[in-house]
Amino acid sequence: MENNWKGLASKTFFGRPTPDLARSLLGMVIAHDGPLGRCAGRVVEVEMYRGPDDRAAHSFGGKITPRTRVMYGPPGHAYVYFVYGMHYCLNVVTGPPGSPEAILIRALEPLQGIELMAQRRHLEITGSVSNLCQLTNGPAKLAQALGVAQQEYGLAFFNSRLQLYHDWDPLASEEIATGPRINVNYAGEAAQYPWRFWIKNHLCVSVKDRIQKTKT
DNA sequence: ATAATGATTGGC
DNA sequence: CCAATCATTATT
């Protein structure tokens with residue numbers, strides 16, 4: 001399989017604290033070698049979910065269930081879950097074993113396997129930037145585009161058909177925006193935590209930064 | 001065994 | 001705005 005990017009992330013890369021890792025993931029590339037070919041995209045938006053104390057996290061309260069089990073294992077593995085009866089979402093497990101934390105990948109910039117992604121998403125390619133972003137500008141959209149589902153549960157990003165690559169140098173903090181997580185309003189106080197991170201002004205972010213309207 | 005609910009999306 | 005659609009989870 002070809003490798004256009006700077007380097008595969010190492011197992012030890014995933015050992016850093018979750019807030020650091022969440023920011024580090026921005027600008028990196030996720031690739032998946034599925035039966036129909038290879039697809040890849042640049043990470044432009046993530047959210048972190050932090051173990052037993054985070055009301056918004058599936059691991060809140062320290063519950064270990066078949067679904068959340070992988071979050072209690074070592075970092076760098078894929079936590080894939082099914083929601084709303086029809087969608088899959090992809091997370092990177094973080095934190096040491098016993099610390100159930102994860103980072104939800106919320107948006108990618110499509111880079112490789114565009115035709116295959118469009119096929120899986122049932123979209124036409126028109127060539128416009130906004131059309132391209134529609135392939136992967138949402139957590140369930142990117143899972144569908146990459147061909148990631150329950151089969152990918154538990155795969156290691158450093159050692160499997162699902163991979164995370166370094167590409168850009170780490171982003172400067174001025175290039176990263178933060179804000180509250182999306183759709184966690186049931187989580188009380190935790191709903192306010194600024195645990196969503198995205199690349200400022202990037203067109204593929206799922207929920208746009210508020211642009212100040214200039215009056216004419 | 002049964003019921004509630006959701007880390008979403010797309011269509012009206 | 002709201003329906004689609006079902007695995008997971010908690011509860012009986």
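Every value quoted in this text rests on a predicted model; they were computed, and no experiment measured them. These numbers come from the heavy atoms of this one structure, side chains and all, not from hydrogens, waters or symmetry mates. A, B, ... follow the sequence lines: proteins, then strands. Residue 1 opens every chain.
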Separation of atom CD in A/Q134 from atom P in B/dT8, rounded to whole Å: 18 Å
Does B/dA7 have OP1 or OP2 under 4.0 Å away from a side-chain N or O of A/Y186? yes
Presence of A/R67 side-chain N/O under 4.0 Å of C/dA10 phosphate oxygens OP1/OP2: no
Within 45° of the six-membered ring axis of A/Y49 and under 6.0 Å from that ring's centre, is NZ or CZ of A/R181 located there? yes
Interatomic distance, A/F60 CZ vs C/dT8 C1' [rounded to whole Å]: 18 Å
Any A/K63 side-chain nitrogen or oxygen under 4.0 Å from OP1 or OP2 of C/dT8: no
Decide, yes or no, whether a salt bridge links A/K6 with A/D167 under the criterion of side-chain N to carboxylate O below 4.0 Å. no
Nearest-Å distance for atom pair OH/P, residues A/Y79 and C/dT8: 9 Å
Given atom CD of A/Q144 and atom P of B/dT9, what is their separation to the nearest angstrom? 10 Å
Heavy-atom nearest nucleotide on DNA chain C for A/Y84 versus A/Q150: which residue maps closer to 5'? A/Y84
Taking the side chain as every heavy atom from C-beta outward, state whether A/E152 and A/Y88 have any pair of such atoms under 4.5 Å apart. no
Taking the minimum atom-to-atom distance to the side chain of A/M71, which one of B/dA7, B/dG10, C/dA7 wins? B/dA7
Whole Å only: how far is the OH atom of A/Y88 from the P atom of C/dA7? 8 Å
Give a yes/no verdict on base stacking between B/dA7 and A/Y81: centres under 5.5 Å, planes within less than 30° of parallel. no
Here the distance between atom C1' of B/dA7 and atom OH of A/Y193, to the nearest Å, is 16 Å
Using Watson-Crick geometry (N1-N3 plus N6-O4 or O6-N4) or G-U wobble (N1-O2, O6-N3), each under 3.5 Å, B/dG10 is paired with C/dC2
Given C/dT9, B/dT9, B/dA7, identify the nucleotide with an atom nearest to the side chain of A/H58. B/dA7
Residue that, paired with A/H77, satisfies ring-ring contact (aromatic ring centres under 6.0 Å, His included) out of A/F158, A/F14, A/F157: A/F158
Closest contact, heavy atoms only, A/L108 versus A/G41: CD2-O, 4.0 Å
Below the 4.0 Å mark, does B/dA7 have OP1 or OP2 next to a side-chain nitrogen or oxygen of A/N183? no
Using a cut-off of 4.0 Å on non-hydrogen atoms, how would the nucleic acid contact of A/A56 be classed: base, sugar-phosphate, or nothing? base
Among B/dG6, C/dA4, C/dT9, which is the nearest nucleotide to the side chain of A/M86? C/dA4
I want to check one thing: is the phosphate of B/dT8, taken as OP1 and OP2, less than 4.0 Å away from some side-chain N or O of A/R106? yes
With respect to the phosphate group of C/dT9, does any side-chain polar atom (N or O) of A/T65 fall under 4.0 Å of OP1 or OP2? yes
Counting any heavy atom closer than 4.0 Å, what does A/R55 reach on the DNA or RNA strands: base, sugar-phosphate only, or nothing? nothing
Any idea which of B/dT8, C/dT9, C/dC6 is nearest the A/T68 side chain? C/dT9
Nearest-Å distance, NZ (A/K141) to C1' (B/dA7)? 16 Å
What's the NE2-P distance between A/H122 and B/dG11, to the nearest Å? 12 Å
Within the 4.5 Å heavy-atom criterion, are A/L26 and A/K200 side-chain neighbours or not? no
Could you tell me whether A/Y49 contacts a base, only the sugar-phosphate backbone, or nothing, with contacts defined as non-hydrogen atoms closer than 4.0 Å? base
